[in-house]
Amino acid sequence: GEMIVLLMSGGPGSGKGTQCEKIVAKYGYTHLSSGDLLRAEVASGSERGKQLQATMQKGELVPLDTVLEMIKEAMIAKADVSKGYLIDGYPREVKQGEEFEKKIGAPALLLYVDAKAETMVKRLMKRGETSGRADDNEETIKKRLDLYYKATEPVIAYYEKSGIVRKVSRNTDRNMLIQSNITSVLSLTP
Ligand SMILES: Nc1nc2c(ncn2[C@@H]2O[C@H](COP(=O)(O)OP(=O)(O)OP(=O)(O)O)[C@@H](O)[C@H]2O)c(=O)[nH]1
Ligand SMILES: Nc1ccn([C@@H]2O[C@H](COP(=O)(O)OP(=O)(O)O)[C@@H](O)[C@H]2O)c(=O)n1
Ligand SMILES: [Mg+2]
């Protein structure tokens with residue numbers, strides 16, 4: 001049947017990964033974090049991974065084709081068992097969204113985690129104490145944040161035109177509050 005794709009957007013350290021875990025626990029979607037896929041490629045020590053590492057350490061975007069190809073491969077690998085995909089951290093720019101629609105399909109929803117810049121920086125600095133992530137340092141965090149406002153925020157406006165954007169806000173005990181009801185979409189079975 002129909003393949004369901006949800007996109008999870010938000011700034012660096014906004015809590016995309018954390019919110020995705022909650023959705024997966026509740027609805028059993030396949031979570032694919034583009035950042036995690038890229039970090040796995042770096043960890044593999046491949047030639048492709050070495051090039052990616054340099055880009056990510058600077059807080060810049062890796063080439064569009066590379067990340068889209070990795071997402072597509074990961075989706076195909078899970079196609080038999082997946083009831084839907086939750087794609088975290090992609091698209092990072094409008095062009096990435098356009099290419100996704102051409103090569104894979106149209107998303108059902110774009111979920112968007114809203115957080116203040118100050119909050120994101122604070123969380124990433126804290127996470128950096130233990131994460132071992134080369135990009136969880138003050139200088140790279142600033143670049144990731146700048147790039148988010150410049151390139152990624154316009155993605156939200158782009159999908160707003162099709163009426164599929166749902167904002168996720170979090171209360172203090174980290175429960176997920178999604179503006180307007182998404183249960184009807186999330187509960188669909190393919
Ligand atoms: N206080 C608080 N901390 C949170 C919340 N959500 C996430 N965090 C913390 O903030 C940090 C970033 O959360 P992630 O879920 O890794 O954020 P992300 O958007 O996936 O960030 P990237 O991996 O950089 O893309 C982690 O250390 C989380 O534990 C929240 O609702 N409240
Ligand atoms: N679609 C993507 C996702 C991640 N990336 C790269 O991977 C890094 C980490 O991405 P991430 O999603 O794990 O983390 P945040 O930048 O959201 O904190 C980014 O800073 C980019 O260098 C990318 O280029 N394109
Ligand atoms: Mg993440």
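We count ligands from 1, going down the list as the structure has it; atoms in each ligand are counted the same way.
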Within a distance under 4.0 Å of any heavy atom of [X], pick out the atoms of ligand 1 and give their elements.
X: G15; result: 7 (C), 13 (O), 14 (P), 15 (O), 17 (O), 18 (P), 19 (O)
X: R144; result: 24 (O)
X: G17; result: 15 (O), 18 (P), 20 (O)
X: G11; result: 19 (O)

[X]: numbered ligand 2 atoms lying under 4.0 Å from its heavy atoms:
X: G89; value: 1 (N), 2 (C), 3 (C)
X: R133; value: 9 (C), 11 (P), 13 (O), 14 (O), 18 (O)
X: Y90; value: 1 (N)
X: M56; value: 6 (C), 7 (O), 8 (C), 22 (O)
X: L38; value: 3 (C), 4 (C), 5 (N), 6 (C), 7 (O), 23 (C)
X: K16; value: 17 (O)
X: S34; value: 1 (N), 2 (C), 3 (C)

Quiz item: Under 4.0 Å from ligand 2, counting heavy atoms only, is it the side chain of L61, its backbone, both or neither?
Solution: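 The part of L61 near ligand 2 is both the backbone and the side chain.
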Quiz item: Under a 4.0 Å heavy-atom limit, does L147 contact ligand 2 with its side chain, its backbone, both, or neither?
Solution: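 Answer for L147: neither.
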Quiz item: With a 4.0 Å cut-off on heavy atoms, does S14 reach ligand 1?
Solution: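 Flag set, S14 near ligand 1.
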Exercise. Tell me, please: is Q19 in heavy-atom contact with ligand 1, that is, under 4.0 Å?
Key: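 For ligand 1, residue contact (heavy atoms, under 4.0 Å) with Q19 is absent.
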Short N or O distance, [X] and ligand 1, threshold 3.5 Å exclusive:
X: P12; answer: no
X: K16; answer: yes
X: L124; answer: no
X: D88; answer: no

Self-check item: Part of K22 within contact of ligand 1 (heavy atoms, under 4.0 Å)
Solution: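 Neither; nothing of K22 gets under 4.0 Å from ligand 1.
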Quiz item: Side chain, backbone, both or neither: which part of K126 has a heavy atom under 4.0 Å from ligand 1?
Solution: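 No part of K126 comes within reach of ligand 1.
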The one among [options] that brings a heavy atom closest to [atom]:
atom: atom 16 (O) of ligand 2; options: R123, K143, R92; answer: R92
atom: atom 6 (N) of ligand 1; options: M125, R127, R133, R123; answer: R123
atom: atom 21 (O) of ligand 1; options: G13, C20, S131; answer: G13

Short question: side chain of [X], backbone of [Y] - any donor-acceptor pair under 3.5 Å?
X: S82; Y: G84; answer: yes
X: R144; Y: D135; answer: yes
X: R123; Y: S14; answer: yes
X: K83; Y: Y27; answer: yes

Any idea which protein heavy atom is nearest [atom], and the distance to it?
atom: atom 20 (O) of ligand 2; result: R144 CG, 3.8 Å
atom: atom 21 (C) of ligand 2; result: E60 O, 3.2 Å
atom: atom 24 (O) of ligand 2; result: V62 N, 2.7 Å

I want to check something: taking the side chain as every heavy atom from C-beta on, are [X] and [Y] in contact at a cut-off of under 4.5 Å?
X: R166; Y: Y112; answer: no
X: E93; Y: P91; answer: no
X: P12; Y: I141; answer: no
X: L111; Y: I23; answer: yes
X: K50; Y: E47; answer: yes

Self-check item: From CA spacing to verdict: side chain to side chain contact (heavy atoms under 4.5 Å, CB included), K142, D146
Solution: CA-CA 6 Å; K142 191 183 176 306; D146 287 348; 3.1 Å; yes
Exercise. Check whether any N or O atom of R127, backbone or side chain, sits under 3.5 Å from an N or O atom of ligand 2, and answer yes or no.
Key: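 So ligand 2 has no N or O lying under 3.5 Å from an N or O of R127.
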Self-check item: Contact check: R39 vs ligand 2, nitrogen or oxygen atoms, below 3.5 angstrom
Solution: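 Between R39 and ligand 2 (N or O atoms, distance only) the closest approach is under 3.5 Å.
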Practice problem: Please assess L109 against Y159 for the test side chain to side chain contact (heavy atoms under 4.5 Å, CB included), listing each intermediate value before the final yes or no. | Solution: CA-CA 9 Å; L109 291 176; Y159 284 108; over 6 Å; no
Exercise. Could I get the full list of side chain to side chain donor-acceptor pair (under 3.5 Å) partners for S34, not counting sequence neighbours?
Key: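 S34: no side chain to side chain donor-acceptor pair (under 3.5 Å) contacts found.
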Practice problem: Check the pair V24, E21 against side chain to side chain contact (heavy atoms under 4.5 Å, CB included), reporting the backbone distance first and the verdict last. | Solution: CA-CA 5 Å; V24 168; E21 280 172 32; 5.7 Å; no
Self-check item: Residues, nucleotides or ligands: over 12 heavy atoms within 6.0 Å of K143 NZ
Solution: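 Enclosed.
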Quiz item: Same hydrophobic cluster for L147 and M8, using side-chain heavy-atom links shorter than 4.5 Å among ILVMFWY?
Solution: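 No, L147 and M8 fall in different hydrophobic clusters.
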Self-check item: Any donor-acceptor N or O pair under 3.5 Å, side chains Y90, D88
Solution: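 There is no such pair between these side chains.
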Report all side-chain donor-acceptor pairs from residues 51-77 shorter than 3.5 Å, counting only partners two or more places apart or in another chain.
unit_1 : atom_1 : unit_2 : atom_2 : d
T55    : OG1    : Q51    : O      : 3.4

